[in-house]
Trainee: 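I have a structure here, written as structure tokens, and I will follow up with some questions on it.
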Amino acid sequence: MARAAGSAGFPRAARLLLPGDFARVFAVRRSAASGPLVLYACPALSAAQPARLGLSVSSRIGNAVVRNRWKRRLREAFRQVRARAALPHGNDFVIVVRSGAVPAGAAGARQVEEMICDLAARVVARPAYAAAAAATRQGTAPQPTTEPPRRRR
RNA sequence: GGAGCGGACCGGAUGAUCGCCGGCCGGCGGAUGCUGCGGCGUCAUAAGACGCCGCGAUGACGCUGGCGGGAGGAAAGUCCGGGCUCCGUAGGGUGCGAUGGUGGGUAACGCCCACCGGCCGCGAGGCCAGGGAAAGUGCCACAGAAAAUAGACCGCCUGCGGGGUUCGCCCCGCAGGUAAGGGUGAAACGGUGAGGUAAGAGCUCACCAGCAGGCCGGGUGACCGGUCUGGCUCGGUAAACCCCAUCGGGAGCAAGGCCAAGCAGGAAGAAGUUCGAUCCAGCCGUCGCCUCGGCACGGCUUGUUUCGGCACGAAACGGCCCGUUUCGUUACCCCCUUCCGGGUCGGCUGCUGGAGGCGCCGGGCAACCGGCGUCCUAGAGAAAUGGUCGUCACCCACGGGCCUUUGCCGGCCCGUGGGAACAAAACCCGGCUUACAGGUCCGCUCCAGUC
RNA sequence: CGCGGGGUGGAGCAGCCCGGUAGCUCGCGAGGCUCAUAACCUCGAUGUCGCAGGUUCGAAUCCUGUCCCCGCCA
């Protein structure tokens, strides 16, 4: 099991790494957007599990340096927020980057942290999300995990 | 001092703290499998419980501590070349593609070095797809008479006819000669001089330029120098087709190997029988043997087994042909081929020590090669090398002070504010190309000044 | 990783193979027709042919390099 949520570390277990994880999060279709970021959320299989993060930065954003800069900035911000226990447990998040400019410096880092907290709180607070969470935890509706994400075609 | 040419190199340093990736060394827990990890099933849900399978005392797994390591000169673009892996093998011709002075370097190259030739620059130097146009085909707009086996628009000359005349000749037409002169064009079929002619013309001659061939000398060679002969002169374009020479089998680490898990199969298909050998079977024969049913030997075949040859079909063989190899050829099944469909996309490995870096010596003009010594320097995988706060160094702007100067310029110090590029390994190397803040060093050229 | 296509007035496309004049439709501007608008008629303007270099007398076209956009395969 992963270590306690109060820890400041950011182990691999706190990351979304498999294509299936991403597909499940996108299939739930619960998102909020603010500025350059879009945050997708999905109830995890166990509600006590600490929050997990996945990143999606397309090549449209910039070259490899810019994309890596975004990912590091977001991982660091997520780590800080997670250490303060400011994120609701039992959720998986995927953050999609929409625009190119990376916020720099300490002020930029704080800004990103606030943005993540705000977006996560907004998505999780919705009534529809609570219903989805209940359905997932019941185990009666595990369809989003197996359903392919490209339904809009 | 100014302007410039060629080459080599650096790509911030350091500290605190919090993180990430992988390596090594520990500590604690840890089973006659009830406690760990992975998977499956059932039940349930807040973490879970139970069962089964596999792994784990060579220590799995969890927690935790320490040590040392962690992007580039282009890691980039993916434009070439190789290693490596698989395609059972990597053959000949043709096609296709690439390359294109010569010699060398190299694992190899479209790369590098040296040299040759051409062009540019006062020079240091720079650039060049730089084989063949007398093997063939095509094209050369507009202008111009004519644009490629040359060609008569004006002009010049001769002859004939007509007309005019100041009797010198002039004008018009026709036929012919002529490439000297005109003008066009990117390009007009050698140049100068003399002879020659009705006028002219390489028509002839001398010299020069250029072409082809022979010989001599130098060089490994590209080529250079000299000499003789020839026809007297030959347009450009091959980054137009083409010819010649050389090279190239295909795919790519998502290659390939192992483990786990999972699923579902279906449809269609062409081509043989003649010959040789052989096994079995049957029939016939034999002054053969004998326990009278067989054995032995020989021959035959509408049969039959296997092999070979030939023929046909398919594949290896992703252009085609030949050749080679494999499989198949009465029907069904199997096999083979083609088409459609289904499942997986998890883990381990390949995975980093190599055509490797540095130093010295030797060979070579050099690229590079050889020897010796020494060093170990990233291995991620939704993809690690980062965040924050300082200090120092660098650059820019502004302000102030000092030095220098007639002044501008310039130099040093302090303060404030800002900036700090291009860009991140993805199997590994050798190159090429492109991007790049700022800076360092070496060699050389030209111009000006001083001694 | 491997491969293919494209970049031409404001928009969408021809022209490129086989070099010499950049054209079509819509749009835009002016004028006409109409009481007026649309439609229609006449006229007109607008092009570094993505960029750089080369071959050629001459390049949108041929060659090389480079930048950007779109797509395909596993």
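A note on names: the letters A, B, ... follow the listed sequences, proteins ahead of strands, and every chain is numbered from 1.
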Trainee: Under the side-chain hydrogen bond (donor to acceptor under 3.5 Å, both in side chains) test, which residues partner A/E76, sequence neighbours left out?
Mentor: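 A/E76: side-chain hydrogen bond (donor to acceptor under 3.5 Å, both in side chains) contacts with A/R79, A/Q80.
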Trainee: If I pick the P atom on B/A426 and the same atom on B/C395, what distance separates them, to the nearest angstrom?
Mentor: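 Here B/C395 and B/A426 have their P atoms 36 Å from each other.
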Trainee: Between B/A380 and B/C259, how far apart are the P atoms? Round to whole Å, please.
Mentor: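 These two P atoms come out 24 Å apart once rounded.
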Trainee: Not counting sequence neighbours, which residues clear side chain to side chain contact (heavy atoms under 4.5 Å, CB included) with A/A33? List them please.
Mentor: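 Counting only residues at least two positions away or on another chain, A/A33 forms a side chain to side chain contact (heavy atoms under 4.5 Å, CB included) with A/V38, A/R98.
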Trainee: Got a second to check how far A/L39's CG is from A/M115's CE, nearest 0.5 Å?
Mentor: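 Between A/L39 CG and A/M115 CE, I get 11.5 Å after rounding to 0.5 Å.
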Trainee: Is C/G65 syn or anti, taking syn as a glycosidic angle within 90° of 0?
Mentor: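 Anti conformation here, the glycosidic angle of C/G65 being more than 90° from 0.
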Trainee: Taking only N/O atoms, report every protein-nucleotides 378-382 of chain B pair under 3.5 Å with atom names and distance.
Mentor:
| residue | atom | partner | partner atom | Å |
| --- | --- | --- | --- | --- |
| B/G381 | OP1 | A/R12 | NH1 | 3.0 |
| B/G381 | OP1 | A/R12 | NH2 | 3.3 |
| B/A382 | O2' | A/L16 | O | 2.9 |

Trainee: Provide the distance between the two C1' atoms, one in B/C189 and one in B/G235, to the nearest whole Å.
Mentor: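 One C1' to the other, the span is 8 Å.
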Trainee: Sequence neighbours left out, what passes ring pair (Phe, Tyr, Trp, His ring centres under 6.0 Å) with A/F93? Give chain and number order.
Mentor: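 Per chain and number, A/F93 pairs via ring pair (Phe, Tyr, Trp, His ring centres under 6.0 Å) with no residue.
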Trainee: Once salt bridge (charged side-chain N to carboxylate O under 4.0 Å, His left out) is applied, what residue pairs with a partner in residues 103-126 of chain A remain, sequence neighbours excluded?
Mentor: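 Every salt bridge (charged side-chain N to carboxylate O under 4.0 Å, His left out) pair that includes a residue of residues 103-126 of chain A, provided the two are not neighbours, is A/R84-A/E113, A/D118-A/R122.
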Trainee: With rounding to the closest Å, how many angstrom separate the C1' atoms on B/A420 and B/C446?
Mentor: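 Comparing C1' positions in B/A420 and B/C446 gives a spacing of 37 Å.
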Trainee: Where does B/U78 land, syn or anti, once you apply the within-90°-of-0 test for syn?
Mentor: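 Here B/U78 takes the anti form, which means its glycosidic angle is more than 90° from 0.
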Trainee: For nucleotides 420-424 of chain B, list the nitrogen or oxygen atoms of the protein found under 3.5 Å from its nitrogen or oxygen atoms, one pair per line.
Mentor:
| residue | atom | partner | partner atom | Å |
| --- | --- | --- | --- | --- |
| B/A424 | OP2 | A/A64 | N | 3.4 |
| B/A424 | N7 | A/N68 | ND2 | 2.8 |
| B/A424 | N6 | A/R72 | NH1 | 2.1 |
| B/A424 | N6 | A/R72 | NH2 | 3.1 |

Trainee: Between C/C70, B/G387, B/C389, which nucleotide has the shortest distance from any of its atoms to the side chain of A/E76?
Mentor: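 Selected nucleotide (nearest to the side chain): B/G387.
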Trainee: Between A/F22 and A/D92, is there a side-chain heavy-atom distance shorter than 4.5 Å?
Mentor: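 No, their side chains stay 4.5 Å or more apart.
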Trainee: Roughly how far apart, to the nearest Å, are C/G10 and C/C62 at atom P?
Mentor: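 Roughly 24 Å separates the two P atoms.
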Trainee: Distance between the C1' atoms of B/C215 and B/A145, in whole angstroms?
Mentor: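 Nearest-Å result for B/C215 against B/A145 at atom C1': 48 Å.
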Trainee: Suppose the criterion is side chain to side chain donor-acceptor pair (under 3.5 Å): which pairs have a residue in residues 56-66 of chain A, not counting sequence neighbours?
Mentor: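 Residue pairs with at least one partner in residues 56-66 of chain A: there are none.
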Trainee: Expressed as a whole number of Å, how far does the C1' atom of B/G256 sit from that of B/G83?
Mentor: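 Comparing C1' positions in B/G256 and B/G83 gives a spacing of 16 Å.
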Trainee: Looking at A/R73, does any N or O in its side chain come under 4.0 Å of the phosphate oxygens OP1/OP2 on B/U388?
Mentor: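 Checking B/U388 against A/R73, a side-chain N or O does come within under 4.0 Å of OP1 or OP2.
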Trainee: C1' atom, B/C292 versus B/C332: distance in rounded Å?
Mentor: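 Straight-line distance between the two C1' atoms is 47 Å.
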